[in-house]
Amino acid sequence: MPWVVMSTTLDPRSHREKRLFSIKAIAISYTSLVVDVELRHLATMAAIVEEGTFGRAGARLGYTQSTISQQIAALEKSVGGPVFERPGGPRPVRITPLGAVVLEHGRDLLAKAEALADAVERFKAGDGRIDIGTFQSVSNVILPSVVRRLRDEHPGCEIRLSEVPEDPQMGDLDLLFYDRQVDGDVEHVRLLDDPYLLVTRPGDFPDGPVPLKRLDDRPMVGCHPTCDQAWMERALIDAGARPRIVFRSPGNETILSMVRAGLGWAVLPRLALHGSDARSDDRLSVHELRPTPTRGIYLHWPATSSQSPLALQAIKIATEIAAEVSADLTERPRPRTADHS
């Protein structure tokens with residue numbers, strides 16, 4: 001007797017089918033009746049439709065024919081009617097009208113369960129998605145190496161970056177880089193200390209550190225008064241220096257260009273200067289300050305939720321990269337100044 005194979009989204013490999021069995025049951029709303037149908041019963045039904053007989057389905061799934069029969073009997077009890085007509089012998093079974101309804105909706109459940117299993121496996125393997133809040137200096141110096149290593153180790157991961165505003169909150173972020181500790185129920189690690197340096201044109205100061213008081217009433221190019229800029233300007237005031245801010249820009253490169261043009265001096269974090277490679281620019285001179293204003297670079301994450309393996313690995317990598325960057329900056333020669341010899 002001829003029979004028709006109904007296509008399903010089920011992978012024919014028994015390994016993928018059996019993986020679905022770890023999910024115990026799904027509640028299905030069927031008219032006014034809620035019944036419990038086990039996914040393994042639906043997978044068995046789909047295998048029978050594809051193979052044509054209980055015996056061949058059992059061989060494919062690694063079950064005896066009696067086990068296959070028991071599973072179909074349990075499915076039929078759950079849905080309240082037969083899902084197959086059994087002609088007996090080696091002849092293919094035929095799906096009933098009720099069975100066609102069950103398989104149509106069961107196919108969707110199997111696909112969703114397989115997608116769930118895939119997502120869980122990717123999560124446990126460190127793939128998936130991670131949302132990171134960051135700011136200019138970290139984005140230019142630390143994050144590129146962090147993202148590269150994460151992608152090398154987890155090619156299937158999705159990494160989303162967003163620039164943080166003033167006084168940021170964790171919100172839906174998995175990780176948050178910031179230059180001071182963030183309020184809220186968060187945990188953090190201090191990645192490195194980031195001292196501020198004075199950037200001038202060559203010849204503006206003699207060799208060596210510059211006292212902060214020397215900046216009093218001198219023209220200065222600064223960032224917009226947000227984030228660390230406001231903190232840094234307060235530090236200058238506490239040291240007795242009130243420079244005249246003649247121009248502001250949110251971009252470090254623009255600030256350095258204004259210094260090159262002679263508009264004024266700038267006080268920028270060491271990390272920002274490292275990212276712009278200002279030390280190798282003959283049109284700029286970099287000086288240490290005394291006393292030395294220093295900010296901290298922090299990495300935050302929610303304290304109230306479990307971190308994904310990907311987020312945990314990102315924290316580990318960021319800590320290692322920050323240590324490497326800090327060591328590299330510490331080992332570099334002192335800031336280059338104009339040669340007055």
Side-chain angles (χ1 to χ4, degrees), residues 23 111-194 223-231 249-254 268-272 274-276 295-326:
I23 303 175
K112 291 178 180 178
E114 186 172 355
L116 171 61
D118 284 338
V120 170
E121 286 185 0
R122 289 195 303 271
F123 177 89
K124 291 181 178 179
D127 289 338
R129 168 179 159 181
I130 184 171
D131 291 87
I132 303 175
T134 180
F135 62 99
Q136 188 173 191
S137 300
V138 169
S139 298
N140 292 338
V141 180
I142 295 177
L143 264 182
S145 297
V146 174
V147 171
R148 176 185 56 79
R149 283 186 52 181
L150 281 177
R151 293 299 302 271
D152 287 346
E153 297 175 13
H154 307 284
C157 73
E158 179 184 1
I159 303 171
R160 296 190 179 186
L161 305 180
S162 58
E163 291 290 325
V164 297
E166 183 180 5
D167 296 326
Q169 302 296 320
M170 283 301 307
D172 294 329
L173 295 173
D174 299 296
L175 300 176
L176 171 61
F177 291 92
Y178 204 52
D179 54 20
R180 62 177 179 267
Q181 295 183 37
V182 172
D183 295 331
D185 195 4
V186 299
E187 297 182 23
H188 71 271
V189 59
R190 186 176 179 120
L191 295 176
L192 54 85
D193 294 325
D194 193 19
C223 294
H224 289 168
T226 59
C227 296
D228 63 304
Q229 181 71 19
W231 176 89
S249 171
N252 294 330
E253 291 297 335
T254 301
L268 290 172
R270 182 176 62 180
L271 199 62
H274 178 70
S276 63
R295 68 175 182 175
I297 303 298
Y298 296 87
L299 177 58
H300 306 80
W301 58 91
T304 56
S305 62
S306 299
Q307 293 296 303
S308 69
L310 184 62
L312 292 174
Q313 185 65 3
I315 294 171
K316 176 177 179 292
I317 293 174
T319 303
E320 294 172 356
I321 296 299
E324 294 172 3
V325 169
S326 181

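As a basis for the values below, the full set of heavy atoms in this structure was taken, side chains included, without hydrogen atoms, waters or symmetry mates. In this chain, residues are counted from 1 in sequence order.
Residues passing the salt bridge (Lys or Arg N to Asp or Glu O under 4.0 Å) test with Glu320 are Arg149, Lys316, sequence neighbours excluded. Residues satisfying the side-chain contact (heavy atoms from CB on, under 4.5 Å) test with Ser162, not counting sequence neighbours, are Leu173. By the side-chain contact (heavy atoms from CB on, under 4.5 Å) test, Gln181 is found to be paired with His188, Tyr298, His300, residues two or more places apart in sequence or in another chain being considered. Not counting sequence neighbours, the partners of Val146 by the side-chain contact (heavy atoms from CB on, under 4.5 Å) test are Ile142, Leu143, Leu150, Ile317, Ala318, Ile321. With sequence neighbours excluded, the residues satisfying side-chain hydrogen bond (donor to acceptor under 3.5 Å, both in side chains) with Asp194 are Arg295. Partners of Arg160 by salt bridge (Lys or Arg N to Asp or Glu O under 4.0 Å), not counting sequence neighbours, listed by chain and number: Glu158.
Although no hydrogens or angles enter the test, the distance criterion places a donor-acceptor pair under 3.5 Å between the side chain of Gln136 and the main chain of Pro250.
Atom-to-atom distance recorded for Asp131:CG and Leu176:CG is 11.5 Å, nearest 0.5 angstrom. A distance of 12.5 Å separates OG of Ser137 from CZ of Phe177, quoted to the nearest 0.5 Å. Separation of atoms OH (Tyr178) and CD (Gln169) is listed at 10.0 Å; rounding is to 0.5 Å. From Leu268, atom CG reaches atom NE2 of His274 across 14.5 Å, with rounding to the nearest 0.5 Å.
Taking 4.5 Å as the limit, some side-chain heavy atom of Leu191 sits within range of a side-chain heavy atom of Thr319. Residues Val138 and Asn140 fail the side-chain proximity criterion, which asks for heavy atoms closer than 4.5 Å. The shortest side-chain heavy-atom distance between Phe135 and Ile297 falls under the 4.5 Å cut-off. Looking at heavy atoms from C-beta onward, Cys223 lies in side-chain contact with Asn252 at the 4.5 angstrom threshold. Contact of the Ser145 side chain with the Glu324 side chain is not registered, since no non-hydrogen atoms from C-beta on lie closer than 4.5 Å. Thr134 is not listed as a side-chain neighbour of Leu175, based on a closest heavy-atom distance of 4.5 Å or more. Using a 4.5 Å cut-off on side-chain heavy atoms (C-beta onward), Leu312 and Trp301 make no contact. At least one side-chain heavy atom of Cys157 sits under 4.5 Å from a side-chain heavy atom of Arg151.
Contact between Val186 and Val182 at its shortest, heavy atoms only, is CG2-O, 3.5 Å. Residue Ile130 comes nearest to Ala311 through the heavy atom pair CD1-CA, 3.6 Å, listed as atom of the first residue, atom of the second, then distance.
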Assess the residue pair Ile132 and Val147 against the criterion (side-chain contact (heavy atoms from CB on, under 4.5 Å)); give the C-alpha distance rounded to whole Å, side-chain angles, the decisive distance to 0.1 Å, and a yes or no. CA-CA 10 Å; Ile132 303 175; Val147 171; 5.7 Å; no
Output, in order, the C-alpha distance, side-chain angles, deciding distance and verdict of side-chain contact (heavy atoms from CB on, under 4.5 Å) for Ser139 and Glu163. CA-CA 9 Å; Ser139 298; Glu163 291 290 325; 3.5 Å; yes
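Applying the salt bridge (Lys or Arg N to Asp or Glu O under 4.0 Å) test to every pair with at least one member in residues 181-191, sequence neighbours left out, gives these pairs: Arg190-Asp193.
Heavy atoms of other residues, nucleotides or ligands lying less than 6.0 angstrom from CG of Asp152 number more than 12.
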